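Data first, discussion second: the structure below is written as structure tokens.
Note that this is a predicted model, so its numbers are computed, not measured.
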Amino acid sequence: MSDDQDPRVPDDGTVAAGDTAQIRLLELAALCHACRTGFQLTANRFHWSPVAGSAADDVAAALPSPDPLLQAPRVETGHRLVTGVLQTYLLTASGLLGNLSGLYLTGEVLFAPGMIVRGVIECSARVMWVLGGGDDEPEEILVRAYLEELLSAEQAKMAAGRLGGKSTDQYKARNQAYKDLKAEIIGRFPGTTSADLGAPLTLCGHHLAAPGEAVSWMYEMLEKHAGSAVTSKMSEGIYDFLSNLTHPTLYPTRDLWDWGSSPEHPDEQVAVLRTEIDFIERQATAAVTAYYNALSYVTSFFGWSMEIHDQLTDAIDQLLPNALHDPA
């Protein structure tokens, strides 16, 4: 069986007869799986190569790889460093949607989906933030990609040190990689100092957007250019709620409690955990549309054929009518 087939979803797109909510969960599972497959098909077909005349082609011309402005450039510098950041975040977002599909198939929808939805939205926002608003210079895009890379290297170093101590080979390797990257950035962007690359992380006038800040920026741009009904302010509320589902917070779980009498003990009140399919669908819509917009942005940036993209568009329009016009 090929990787883009799901044995529990019939080939004709229908689902087995049963409870309405269960049918809807199977449909949402199939859609999340289609998002994951859309990334794989896109990557396998186009191999992250820009089409001549595309914005990515212009960036590649302005930012050769290896980067000639570095004394001893690695291969993955210049435009290939930018591509690596975009690829990694989109891969993560698509994988998370695959995870979400599995949860819908098994009916485990009370707690984990919100955490995954947050991850999808965050990764999608990073993709769009790195590329910018559409009229950014290649150097600006490269700066933001380097900020992402440096944060990653720093976090890897810190985690290794706390897990095994600074005497371990893993920490030493991570620490050296962080130092090398920091030196590479200072050498690549004249005037940059080590202090600039501390906290807050800043490079050439750009500061690394916090996760929530990037999400807010993404929705603000979508509101301006794609007619999204989700405003930047509304997105802050969405992100706050998803964060509350991710971090220990009492009210999201208590909101699931439905109090009633116990058949065995009529005088006692018991809590039953319940959630509505409409709520589950809103979460799925938020994840799918954020990812879709990021994948669309990258597809357009590289100038790739829209065939795979259009197939995903059709799937979303079929199962979530109007979602692409109103990602709320």
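Ring geometry for F241 versus Y251: interplanar angle of 30 to 60°, hence tilted. Between W304 and F46, the ring planes lie parallel to each other; the angle is under 30°, not in the 30° to 60° tilted range.
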Fill in: L245 and F111: CA distance, side-chain angles, deciding distance, side-chain contact (heavy atoms from CB on, under 4.5 Å) verdict
CA-CA 7 Å; L245 292 173; F111 301 107; over 6 Å; no
Audit row: E148, W129, side-chain contact (heavy atoms from CB on, under 4.5 Å) steps and yes/no
CA-CA 10 Å; E148 295 285 358; W129 179 78; 3.5 Å; yes
Taking it one step at a time, do C35 and L312 satisfy side-chain contact (heavy atoms from CB on, under 4.5 Å)? CA-CA 7 Å; C35 288; L312 183 56; 3.9 Å; yes
Next item on the list: Test side-chain hydrogen bond (donor to acceptor under 3.5 Å, both in side chains) on Y292 and T313 and set out the steps.
Entry: CA-CA 8 Å; Y292 172 86; T313 303; 2.7 Å; yes
Next item on the list: Starting from the C-alpha separation in whole Å, work towards a yes-or-no answer on side-chain contact (heavy atoms from CB on, under 4.5 Å) for L100 and Q283.
Entry: CA-CA 10 Å; L100 194 58; Q283 285 190 330; over 6 Å; no
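Between G78 and L142, the shortest heavy-atom distance links the atoms O-CD1, 3.7 Å. Contact record, P73 with D67: CB-O, 3.3 Å, taken as the closest heavy-atom pair. When every heavy atom of H309 is checked against every heavy atom of S296, the shortest pair comes out as NE2-OG, 2.8 Å. Contact detail for S216 and S232: the closest heavy-atom pair is OG-OG, 2.5 Å. Nearest heavy-atom pair across Y104 and A284 is OH-CB, 3.3 Å. Nearest heavy-atom pair, I186 versus T193, reported as atom, atom and distance to 0.1 Å: CD1-C, 4.2 Å.
Side-chain contact between M218 and N293 is absent, with no heavy-atom pair separated by less than 4.5 Å. Here the side chains of L150 and L147 are not in contact, with every heavy-atom distance at 4.5 Å or above. Using a 4.5 Å cut-off on side-chain heavy atoms (C-beta onward), E122 and Y89 make no contact. In this structure, the side chains of Q269 and S261 come closer than 4.5 Å at one or more pairs of heavy atoms. A heavy-atom distance below 4.5 Å is found between the side chains of L26 and L105. D136 has its side chain out of reach of L131: every pair of non-hydrogen atoms, C-beta onward, lies at least 4.5 Å apart. No side-chain heavy atom of E154 sits less than 4.5 Å from a side-chain heavy atom of L197. Using a 4.5 Å heavy-atom threshold, the side chains of L81 and S65 count as separate.
Under the 3.5 Å distance criterion, the side-chain polar atoms of S94 are left unmatched by any main-chain donor or acceptor of R36. In this structure, the side chain of T106 engages the main chain of L103 through a donor-acceptor pair within 3.5 Å. Y297 places a side-chain N or O within 3.5 Å of a backbone atom of G132 that can act as its donor or acceptor partner. Counting only distance, with no hydrogens or angles, the side chain of R126 and the backbone of A209 share a donor-acceptor pair below 3.5 Å.
Here the CZ-CG distance, from R144 to L208, works out to 11.0 Å after rounding to the nearest 0.5 Å. One finds the CG atom of L90 at 9.0 Å from the OG1 atom of T42 (value rounded to the nearest 0.5 Å). Atom CG of L63 and atom CG of D58 lie 10.5 Å apart (nearest 0.5 Å). A distance of 11.5 Å separates CZ of R274 from CG of L256, quoted to the nearest 0.5 Å. Between the CD atom of E223 and the OG atom of S235 there is a distance of 9.0 Å, given to the nearest 0.5 Å. In this structure, CZ on R188 lies 4.0 Å from CD on E139, to the nearest 0.5 angstrom.
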Tell me which donor-acceptor pairs under 3.5 Å the side chains of residues 166-184 have, and how far apart each pair is, sequence neighbours excluded?
from, atom 1, to, atom 2, distance (Å)
T168, OG1, G165, O, 3.0
T168, OG1, Y171, N, 3.2
Q176, NE2, D180, OD1, 2.8
K182, NZ, S194, OG, 3.2
E184, OE1, R74, NE, 2.9
E184, OE2, R74, NH2, 2.8
E184, OE2, Y146, OH, 2.7

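Annotation for E76: atom CD counts as buried by contact number, over 12 foreign heavy atoms lying within 6.0 Å.
Linking ILVMFWY residues whenever their side-chain heavy atoms come closer than 4.5 Å, directly or via other members, leaves M115 and L28 in distinct clusters. Under the 4.5 Å side-chain heavy-atom criterion for grouping Ile, Leu, Val, Met, Phe, Trp and Tyr, M306 is not connected to L86 through any hydrophobic cluster. In this structure, V51 is a member of the same hydrophobic cluster as W48, with clusters built from ILVMFWY side-chain heavy atoms closer than 4.5 Å. There is a path of hydrophobic side-chain contacts, each under 4.5 Å, that joins F189 to L151. A chain of hydrophobic side-chain contacts below 4.5 Å, direct or via other Ile, Leu, Val, Met, Phe, Trp or Tyr residues, connects L203 to L70.
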